Amino acid sequence: MEKVFTRPKTLSDVQMAYCAGCTHGIAHRLVAEVIDELGVRENTVGVCPVGCSVFLYEYFECDTIEAAHGRAPAVATGVKRCLPDRVVFTYQGDGDLAAIGTAEIVHAASRGENISVMFINNAIYGMTGGQMAPTTMLGQESTTTPGGRDHARAGYPMRVCELLSPLEGVAYAARVSLTSPANVAKAKRAIKTAFQNQLDGKGLSIVEMLSTCPTQWGVSPLDAFRHVDEVMTAYYPLGVYKDVNG
Amino acid sequence: MGKRILMKGNEAVVHGAIAAQCRAFFGYPITPQNEVPEYMSKCMPEVGGVFLQAESEIAAINMVYGAACVGVRAMTSSSSPGISLKMEGISYIAGAQLPCVIVNVQRGGPGLGNIAPAQSDYFQAVKGGGHGDYKLLTIAPWSVQEMFEHAALAFDLADRYRNPAMILSDAIVGQMLEPIEIPDCVDTDIPAKPWATTGASGRSRNILTSLYIVPEDLERINLKIQAKYAAASLREVRYQEFDVEDADLVLVAYGSTARICRTSMTMARKKGLKVGLFRPISLFPFPSARLAELARLGKQFLTVEMSAGQMVEDVRLAVNGVSTVDFYGRLGGMVPGPVEILDQAGLSLERMHPKSYTVGARFGMVGSGE
Amino acid sequence: MHEEVIMSGTGGQGIMIMGQILAHAAMTEGRHVVWFPSYGPEARGGTADCTVIVSTDEIGSPISAHPDTLVGMHQFLFNRYQPIVKIGGRLIVNTSLIDPATVRTDCDVVMVPANVLAEEIGNVRAANMVMLGVYVASTGVVSVESVLASLPEVFPSHRHKLIPLNESALRKGAELVRG
């Protein structure tokens with residue numbers, strides 16, 4: 001009997017600890033599939049964030065480094081500058097990349113570090129218990145925005161692809177979502193482009209994945225997916241914001 | 001040995017690091033250490049190494065973390081306020097048990113302070129500085145020649161114990177020019193690094209992390225780290241003594257202050273005062289055993305620092321009440337002069353040995369024509 | 001032999017390089033030597049001073065609490081350092097920018113209109129080398145020849161075209177002492 005579906009080599013044979021309806025698992029699998037398909041697993045160094053995906057190194061069957069909160073792009077810079085022929089990726093959440101690590105991602109992007117950045121935007125701090133993220137929607141409840149995020153008090157949600165794509169060093173910036181088979185297929189193409197760009201020495205590529213957090217949003221998985229499609233996508237439009245490949 | 005070259009301490013540490021196979025440097029401008037990244041930017045490309053001016057001190061130490069993860073000898077340098085910013089990364093590097101070298105060309109603090117010499121980062125250096133139970137293997141050069149030599153020593157210590165090492169310098173040692181001799185080759189010991197995250201090619205994956213969510217696991221890691229410090233305390237103690245054998249009073253000082261004390265000691269001897277000098281070279285591990293021995297031999301101590309009294313606490317812990325430990329410090333970038341220290345030594349001797357020393361008058365030279 | 005000198009002035013007067021040339025010359029003569037700078041935060045116009053210690057013995061303190069000599073290029077820092085010079089020490093005073101009436105009388109004093117002399121040979125910016133020439137010739141810490149030979153070693157190569165001017169200034173200062 002022909003085996004038609006299997007675990008990517010780049011994923012470890014362990015159960016992930018993510019909540020029901022969380023899209024981290026999908027994102028992990030897509031990154032692992034791309035690494036497999038490009039045949040670079042033995043040549044890859046992953047840099048993990050602080051946040052729900054802090055245990056990424058348990059799930060990935062490649063060399064990995066656990067960075068301090070937000071510092072993954074700086075750690076990845078140190079790795080890539082010393083070993084330019086290795087494939088280096090960071091995997092970061094919205095608090096990690098767009099709040100505490102804003103300087104690191106902006107300057108890695110500005111320098112055109114030849115790395116691939118996987119950015120998970122679920123508009124909330126999941127691991128620490130549902131506090132406001134830089135990407136939390138206006139009106140969205142969080143444990144630090146009771147009554148909903150009010151821009152007068154808590155500012156506006158940050159659009160990362162739009163912020164980074166004008167930087168000269170950015171080769172590719174795309175926003176995708178993981179809410180349907182079609183969206184997942186598009187997300188995988190974007191991730192593959194981000195890794196291929198690195199192999200081609202094009203500079204920093206970032207794929208922003210609109211993601212779900214049913215637990216901290218306080219909704220069912222299905223409603224969480226609906227929220228991404230109907231509310232988040234309206235403020236964070238999907239699409240390719242920059243592509244040096246034309 | 002090669003020929004004598006006139007060089008700043010900040011330049012010497014660059015040449016020493018490169019001679020010790022340092023191949024990655026990440027830094028950020030801050031006075032009085034700017035010559036370090038400046039020389040690095042010129043010298044690193046010549047040996048095929050990596051130089052990058054980071055966007056922040058925090059980014060710089062995290063780039064060092066990345067470079068250390070892949071087994072490259074990596075270094076950063078800064079001065080006091082910048083070192084404070086690096087503390088997060090240093091704690092992670094210690095927690096992940098990685099080798100790297102950090103140079104602190106100390107300046108006056110706290111806060112923005114000033115750019116004058118100080119030694120007020122001693123606690124931060126030798127007690128850890130960041131969060132968690134870790135320490136930095138800390139050495140303190142007192143000359144431009146040692147700024148060169150301590151680079152290789154620091155890298156060897158860092159690799160031997162898989163722990164960050166710090167060269168605790170100051171604005172005097174960093175900024176002063178002295179002739180140094182650069183040897184044709186530098187002895188250095190780079191061990192194999194099978195733990196490095198260079199890509200899992202032909203082996204199982206390597207993970208470098210300081211995260212151990214299960215307390216039993218984290219305690220085990222902490223005990224391992226503490227065992228390394230215990231081993232270093234046996235093997236890596238370094239110090240220098242001058243005329244302590246017959247001394248009634250031993251000055252204890254490190255770095256540039258020890259240089260100044262040496263002049264004070266010479267002056268004291270000319271006046272018939274039995275003063276010696278004990279200079280810790282390794283600040284962690286601290287030469288406690290030797291100080292305890294000297295105390296048992298009846299020596300009294302005067303610790304001199306450009307701080308409000310930091311190393312003196314380690315001296316007092318070592319002496320443990322067996323003899324007297326006086327302290328003299330200048331703060332905020334003020335440098336104690338040789339005569340000033342001589343005065344203090346005289347006061348200490350009078351108090352500690354009232355029968356032998358009734359020097360009475362201060363030894364100050366200001367306006368005395370001496 | 002043990003000589004401690006503080007050279008002081010303002011940023012832009014070439015105080016640091018004066019000391020570095022002396023330090024280099026001392027090294028070539030096989031002496032122990034230390035040069036130590038201190039300056040204000042401004043790149044130009046702030047205070048600038050350096051200490052040079054030249055000795056036949058190993059040097060302890062790189063800081064001089066009571067220098068044998070003060071080379072004063074400008075009134076401001078001259079006022080600060082003059083009181084700490086040893087009694088019977090030496091003051092080399094740039095009278096173009098320091099009022100002779102403010103100078104201590106319990107030291108050997110050499111008055112030098114350095115800016116005027118430097119202008120005579122074509123560039124006021126060589127005033128520092130006039131002063132260095134005076135210093136070297138009056139103390140004999142190193143030979144004028146060693147100082148001249150150090151110029152191409154200390155000046156960065158893109159400044160080598162300025163060496164002839166600096167040589168003339170040094171000689172002019174030295175001749176002033178020798179008369």
Side-chain angles (χ1 to χ4, degrees), chain A residues 9-12 17 35 39-51 54-88 90 100-111 113 115 127, chain B residues 22-26 28 44 48-76 85-93 95-96 98 100 130-131 195-213:
Chain A
K9 276 203 182 74
T10 303
L11 278 191
S12 303
I35 290 171
V40 296
R41 185 187 70 82
E42 296 190 341
N43 211 21
T44 294
V45 182
V47 185
C48 316
V50 173
V54 69
F55 287 118
L56 181 135
Y57 57 79
E58 302 275 4
Y59 308 141
F60 273 66
E61 214 40 59
C62 62
D63 277 5
T64 43
I65 298 165
E66 174 55 48
H69 198 23
R71 318 298 177 217
V75 175
T77 297
V79 173
K80 187 72 179 182
R81 291 284 179 126
C82 290
L83 299 176
D85 64 338
R86 302 304 198 280
V87 175
V88 181
T90 70
I100 200 166
T102 317
E104 284 77 11
I105 187 61
V106 167
H107 285 274
S110 183
R111 290 191 303 266
E113 293 298 337
I115 59 173
M127 187 177 73
Chain B
C22 172
R23 287 299 177 268
F25 178 90
F26 306 94
Y28 185 86
M44 244 340 156
V50 173
F51 167 83
L52 183 60
Q53 182 173 324
E55 68 271 24
S56 69
E57 300 282 6
I58 297 169
I61 190 69
N62 281 284
M63 289 170 186
V64 167
Y65 180 40
C69 282
V70 300
V72 172
R73 280 194 159 177
M75 181 168 126
T76 186
L85 279 164
K86 289 185 198 290
M87 279 300 153
E88 175 203 55
I90 293 172
S91 171
Y92 278 69
I93 292 169
L98 294 166
C100 75
H131 61 283
W195 43 263
T197 53
T198 52
S201 178
R203 58 161 169 77
S204 57
R205 67 181 178 177
N206 283 339
I207 299 170
L208 289 170
T209 181
S210 57
L211 175 63
Y212 296 89
I213 205 80

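The sequence lines fix the lettering, A, B, ..., with proteins before strands; numbering per chain opens at 1. Quantities reported herein were computed from a predicted structural model and do not represent experimental measurements.
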* Asked: Highest number of heavy-atom pairs under 4.5 Å with chain B: which of A:Gly78, A:Ser110, A:Ala108?
  -> A:Gly78

* Indicate the atoms forming the closest heavy-atom contact of B:Ser56 with A:Glu104, along with that distance. => OG-OE2, 4.3 Å

* **chain B contact via A:Thr44 - side chain, backbone, both or neither, heavy atoms under 4.5 Å** => backbone

* Asked: Measuring heavy-atom distances to chain A, does B:Ala59 have an atom under 4.5 Å in its side chain, in its backbone, in both, or in neither?
  -> both

* **From CA spacing to verdict: side-chain contact (heavy atoms from CB on, under 4.5 Å), A:Asp63, B:Arg203** => CA-CA 10 Å; A:Asp63 277 5; B:Arg203 58 161 169 77; 2.6 Å; yes

* **Region of B:Thr198 in contact with chain A, defined by heavy-atom distances below 4.5 Å** => both

* Looking only at heavy atoms, what is the nearest atom pair of B:Phe51 and A:Arg81, with distance? -> O-NH1, 4.5 Å

* In chain order, what residues pass the side chain to side chain contact (heavy atoms under 4.5 Å, CB included) check against A:Glu61, with sequence neighbours excluded? -> A:Ser12, A:Arg41, B:Arg205

* Could you give the distance from OG1 (B:Thr209) to CG (A:Leu56), rounded to the nearest 0.5 Å? -> 11.5 Å

* Find the one option among A:Val47, A:Leu83, A:Asn43, A:Val40 whose heavy-atom pairs under 4.5 Å with chain B are most numerous. => A:Leu83

* Sort A:Ile65 into side chain, backbone, both or neither according to what part of it lies under 4.5 angstrom from a heavy atom of chain B. => both

* Structure fact -> Nearest heavy-atom approach of A:Glu113 to B:Leu52 is OE2-CD2, 4.0 Å

* Asked: So which of A:Lys80, A:Glu58, A:Glu66, A:His69 has the largest heavy-atom pair count under 4.5 angstrom toward chain B?
  -> A:Glu66

* Under the ring-ring contact (aromatic ring centres under 6.0 Å, His included) rule, collect the residues that match up with A:Phe60, sequence neighbours excluded. => A:His28, A:Phe89

* CA sep, side-chain torsions, deciding dist, call: B:Val70, A:Arg86, side-chain contact (heavy atoms from CB on, under 4.5 Å) -> CA-CA 11 Å; B:Val70 300; A:Arg86 302 304 198 280; over 6 Å; no

* Mind listing the closest non-hydrogen atom pair of A:Val45 and B:Gly199 along with its distance? => CG2-N, 4.0 Å

* Structure fact -> Turns out that what part of B:Ile61 lies under 4.5 Å from chain A's heavy atoms comes down to neither

* To do: Measure distances from B:Ala68 to the heavy atoms of chain A and classify the residue's part below 4.5 Å as side chain, backbone, both or neither.
  => neither

* Asked: Step by step, would you call B:Glu55 with A:Thr77 a side-chain contact (heavy atoms from CB on, under 4.5 Å)?
  -> CA-CA 12 Å; B:Glu55 68 271 24; A:Thr77 297; over 6 Å; no

